[in-house]
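Any value given below was found using the heavy atoms of this structure, including those in side chains, with hydrogens, waters and symmetry copies removed.
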Amino acid sequence: MFEETFAAELANRIGSRVEVATDNNLIEGILSNVTEDSVRVDVNGGYGGYGQNRLFISIDAINFVRFPLVA
């Protein structure tokens, strides 16, 4: 039940900057898609990387999500 509510709230924030923490990673990028089972975060390519990379994260693997303030 919690996963459905969590996914619904995340879906309301598509297009926002986001930080997603799992057991092993902290992913920073733009929340671009949410399904019942996963979220997609578009992240910068890094050092001279071209374009963006898409990361798919299972909803049940997420420990927390933060929406940082944009200065």
Side-chain angles (χ1 to χ4, degrees):
M1 182 178 146
F2 174 74
E3 287 87 1
E4 294 170 9
T5 305
F6 185 48
E9 179 60 31
L10 290 175
N12 289 330
R13 296 176 179 253
I14 289 174
S16 299
R17 289 202 52 76
V18 68
E19 295 176 356
V20 179
T22 65
D23 287 344
N24 301 318
N25 295 305
L26 178 63
I27 298 120
E28 300 178 47
I30 304 295
L31 183 63
S32 60
N33 193 20
V34 179
T35 67
E36 293 178 6
D37 301 319
S38 66
V39 299
R40 185 179 93 191
V41 178
D42 292 342
V43 297
N44 193 356
Y47 297 105
Y50 298 103
Q52 294 195 343
N53 296 318
R54 295 181 178 121
L55 297 176
F56 292 87
I57 307 158
S58 176
I59 293 281
D60 58 355
I62 296 173
N63 292 335
F64 72 85
V65 174
R66 185 167 62 179
F67 298 94
L69 296 175
V70 177

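The CZ atom of Arg54 lies 7.0 Å from the CZ atom of Phe56; values are rounded to the nearest 0.5 Å. Distance CD1/Ile27 to CG/Asn53: 12.0 Å, rounded to 0.5 Å. The line from OG of Ser38 to CD1 of Ile62 is 9.0 Å long, rounded to the nearest 0.5 Å.
At least one side-chain heavy atom of Ile59 sits less than 4.5 Å from a side-chain heavy atom of Leu10. A heavy-atom distance below 4.5 Å is not found between the side chains of Val20 and Phe64. When side chains are defined from C-beta on, Ile30 does not count as touching Val41, because their heavy atoms never get closer than 4.5 Å.
For Ser58, the side-chain contact (heavy atoms from CB on, under 4.5 Å) test picks out Asp60, Ala61, with sequence neighbours left out. Asn24 pairs by the side-chain hydrogen bond (donor to acceptor under 3.5 Å, both in side chains) definition with nothing, not counting sequence neighbours. Contacts of Arg66 classified as side-chain hydrogen bond (donor to acceptor under 3.5 Å, both in side chains), with partners at least two apart in sequence or in another chain: Glu19. Residues passing the side-chain hydrogen bond (donor to acceptor under 3.5 Å, both in side chains) test with Thr22: none are found, sequence neighbours excluded. In this structure Ala8 satisfies the side-chain contact (heavy atoms from CB on, under 4.5 Å) test with no other residue, sequence neighbours excluded. Taking Ile14 as the reference, Val34 meet the side-chain contact (heavy atoms from CB on, under 4.5 Å) condition, with sequence neighbours excluded. Residues that satisfy the salt bridge (Lys or Arg N to Asp or Glu O under 4.0 Å) test with Arg13, not counting sequence neighbours, are Glu9.
Within the structure, the salt bridge (charged side-chain N to carboxylate O under 4.0 Å, His left out) test picks out the following pairs touching residues 28-40 (sequence neighbours left out): Arg40-Asp42.
Cluster membership check: Phe67 does not share its hydrophobic cluster with Leu26, using side-chain heavy-atom separations under 4.5 Å among Ile, Leu, Val, Met, Phe, Trp and Tyr.
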